[in-house]
Novice: 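Below is the structure I would like to discuss, written out as structure tokens.
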Amino acid sequence: MLLTNHVLSGALIGALARRPASAFAAGVASHFVLDAVPHWGDWGSIRRFLQVAVPDGLISLGAMGTIAALAPAERRPAVLAGMIGAVLPDIDKPAKLWFGRSPWPRVVDEFHRRIQPEASGRAHIELLAAAAFGAAALAALRQPPGPAARRAPRLL
Ligand SMILES: [Zn+2]
């Protein structure tokens, strides 16, 4: 699944979880769940992969910064933790490209590779997922914080 969708789903998780540790753990778990859903991929060449992955990576960074800026201060740590957890498993892609190896154990890489039902011609699935996750994350961030967030210490 595109990194942008991992960012947006991680933001939704962070907006709902409100505690950074649980948001991070749920974000990591969400990565593998989403990668197991049929999605766009099967690029055929490294060139074609990069034509999608580079813009996707830049959009992901922009989305993370924008969502972090939009999140209320008391909820920002959980939202950031959710997004970071959700994108972390895919750090193997730039690591392989730049350093020639994955930071994860081989068993993790093998599992990550095997669960992917990828096919070309599924860009619409990614766009629908981005719209749904983005709208849900923004809606969740607009809700008043729950009891756990209200008890959190405030800086001001
Ligand atoms: Zn992945």
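Order of appearance sets the numbers: ligands from 1, and atoms from 1 within every ligand. Heavy atoms only: backbone and side chains are in, while hydrogens, waters and symmetry mates are out.
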Novice: I need the minimum non-hydrogen distance between L12 and A140, along with the two atoms involved.
Specialist: CD1-CB, 4.0 Å
Novice: List the atom of H6, the atom of D90, and the distance in Å for their closest heavy-atom pair.
Specialist: CD2-OD2, 3.8 Å
Novice: Calculate, to the nearest 0.5 Å, the distance between atoms NE2 and CG belonging to H31 and L3 respectively.
Specialist: 8.0 Å
Novice: What pairs of residues pass the side chain to side chain donor-acceptor pair (under 3.5 Å) test when at least one of them lies in residues 94-104, not counting sequence neighbours?
Specialist: S102-D109
Novice: OD2 (D35) to the Zn ion (ligand 1) to OD1 (D90): angle, nearest 10 degrees?
Specialist: 180°
Novice: Of all N, O or S atoms in H112, which has the smallest distance to the Zn ion (ligand 1)?
Specialist: NE2
Novice: In H31, which N, O or S atom comes closest to the Zn ion (ligand 1)?
Specialist: NE2
